[in-house]
Amino acid sequence: MRSKTKKRIIAFIMALIIFSTVAYVFYGKNWLAEQQYIQRQRNSEFMKNELMQKMLDIEKQSQKVFNEILNLSYDIELFQKQKIKLKKTDERIFEVNLEQKPYFDFKNLYLISSNQLFVLSKDLKKIKWDKHFGEELIDIDLLDANRILILTKQKKAICLNRDTGKEIWVKQLKTLPIVKDNSIFQISLNKFKQLDRSIIVVFSENEIELIENITGTSLGVYNSKNKIDHLSDFDILEKCIYFIEGNKISKLIFDVKS
């Protein structure tokens with residue numbers, strides 16, 4: 001009797017061990033592996049955060065030192081300061097006012113007047129084509145595939161061919177886009193290789209000024225007798241900007257002197 005009881009106890013213990021082993025293999029091992037993975041992830045994230053913070057601190061300190069060196073260099077005139085003369089070379093007068101900033105590609109200028117679009121050569125001598133619309137124009141944008149997009153006050157987007165003005169498609173928009181005509185922008189070194197530093201272009205009522213971006217020193221000023229209404233972006237090919245005064249557009253060349 002005792003022998004049978006002992007065998008049952010041993011069998012129960014063995015069954016319990018087997019069950020525990022199976023449970024560990026299918027559940028405990030996975031749970032342990034999962035906990036180890038979570039801990040590794042936490043450690044990795046902690047190390048990443050610590051390293052990132054140290055990198056940011058080093059970058060901040062380096063930038064501060066670099067700025068101080070630059071300011072010191074310019075203050076003691078280690079490098080001769082460039083001078084940029086703004087020279088007006090061409091102008092053209094229209095019969096109507098031009099009401100948006102000039103846009104351009106590698107060969108043409110695109111100008112808006114109320115419900116009319118003018119396409120002008122870059123020397124301002126020839127109107128290549130113009131097109132009237134039945135509603136007021138508020139903005140234009142140059143697209144890929146030699147296309148230009150016209151936005152109207154009645155929430156229409158009209159796509160045209162740049163060379164001919166032929167209509168390609170029209171879409172009715174749900175809302176009227178916000179149009180911004182920036183009065184300040186930067187010309188960086190990688191955009192204008194003749195520069196020895198990036199410059200900021202600012203225009204006010206009758207003045208266009210070039211400002212050096214490191215110290216804020218004025219590098220050149222163009223004064224107009226008339227109110228300047230709109231200013232184009234910098235034209236890399238022509239090394240110029242275009243500005244509008246009422247019904248007149250003018251071309252302003254950057255003459256860089258080292």
Calculate, to the nearest 0.5 Å, the distance between atoms CG and CZ belonging to L111 and F118 respectively.
-> 8.0 Å
Taking all atoms of both residues into account, what is the closest heavy-atom pair of K125 and R92, and its distance?
-> O-NH1, 2.7 Å
Identify whether I150 and V119 are in the same connected component of the hydrophobic contact network (ILVMFWY, side-chain heavy atoms under 4.5 Å).
-> yes
Given Y103 and D141, is the side chain to side chain donor-acceptor pair (under 3.5 Å) satisfied, shown in steps?
-> CA-CA 8 Å; Y103 286 82; D141 196 20; 5.8 Å; no
Does a side-chain heavy-atom distance below 4.5 Å link N206 with K227?
-> no
Look at D90 together with K122 and state whether they make a salt bridge at an N to O cut-off of under 4.0 Å.
-> no
Donor-acceptor contact present, side-chain E245 to main-chain K248, <3.5 Å | no
Lys/Arg N to Asp/Glu carboxylate O, K251 vs D235, below 4.0 Å = no
Output for pair (S188 OG, R197 CZ), nearest 0.5 Å, gives 14.5 Å
Does a side-chain heavy-atom distance below 4.5 Å link D130 with F94?
-> no
Take E167 and L160, measure what side chain to side chain contact (heavy atoms under 4.5 Å, CB included) needs, and give me the verdict at the end.
-> CA-CA 5 Å; E167 187 177 291; L160 308 174; 3.9 Å; yes
I241 vs I208 side-chain heavy atoms within contact, under 4.5 Å = yes
Apply side chain to side chain contact (heavy atoms under 4.5 Å, CB included) to the pair I84 and F192, showing each step before the final yes or no.
-> CA-CA 12 Å; I84 305 174; F192 190 8; 5.8 Å; no
Do L86 and V221 touch side chain to side chain, with heavy atoms closer than 4.5 Å?
-> no
Verify side chain to side chain donor-acceptor pair (under 3.5 Å) between Q116 and S113, making sure each step is shown before the conclusion.
-> CA-CA 5 Å; Q116 191 170 4; S113 172; 5.3 Å; no
Rounded distance (nearest 0.5 Å) linking atom CD1 of I199 with atom CD of E209 = 11.0 Å
Where the side chain of R162 meets the backbone of R147, is there a donor-acceptor pair that is under 3.5 Å apart?
-> yes
Nearest-0.5 Å distance, OH of residue Y222 to CD of residue E207 = 11.5 Å
Any donor-acceptor pair under 3.5 Å from E238 side chain to I253 backbone | no
Would you name the heavy atoms of E135 and T152 that are closest together and state the gap between them?
-> OE1-OG1, 2.5 Å
Within a strict 4.5 Å, meaning less than it, do heavy atoms of the F104 and S232 side chains meet?
-> yes
N247 side-chain N/O to E95 backbone N/O, donor-acceptor pair under 3.5 Å | no
Okay, side chain of H132, backbone of N115: is any donor-acceptor separation there less than 3.5 Å?
-> no
May I ask you to decide if the ring planes of F234 and F254 are parallel, tilted or perpendicular, using 30° and 60° as cut-offs?
-> perpendicular
Interatomic spacing from CD1 in I158 to NZ in K171 - rounded to 0.5 Å = 13.5 Å
Look only at the side chain of N97 and the backbone of E99, and say whether a donor-acceptor pair between them is shorter than 3.5 Å.
-> no
When rounded to the nearest 0.5 angstrom, what distance separates CD in Q154 from CD in E136?
-> 7.5 Å
Nearest heavy-atom contact between K128 and K107 is NZ-O, 3.9 Å
Begin from the C-alpha positions of I249 and F243 and carry the test side chain to side chain contact (heavy atoms under 4.5 Å, CB included) through to its verdict.
-> CA-CA 6 Å; I249 182 170; F243 66 96; over 6 Å; no
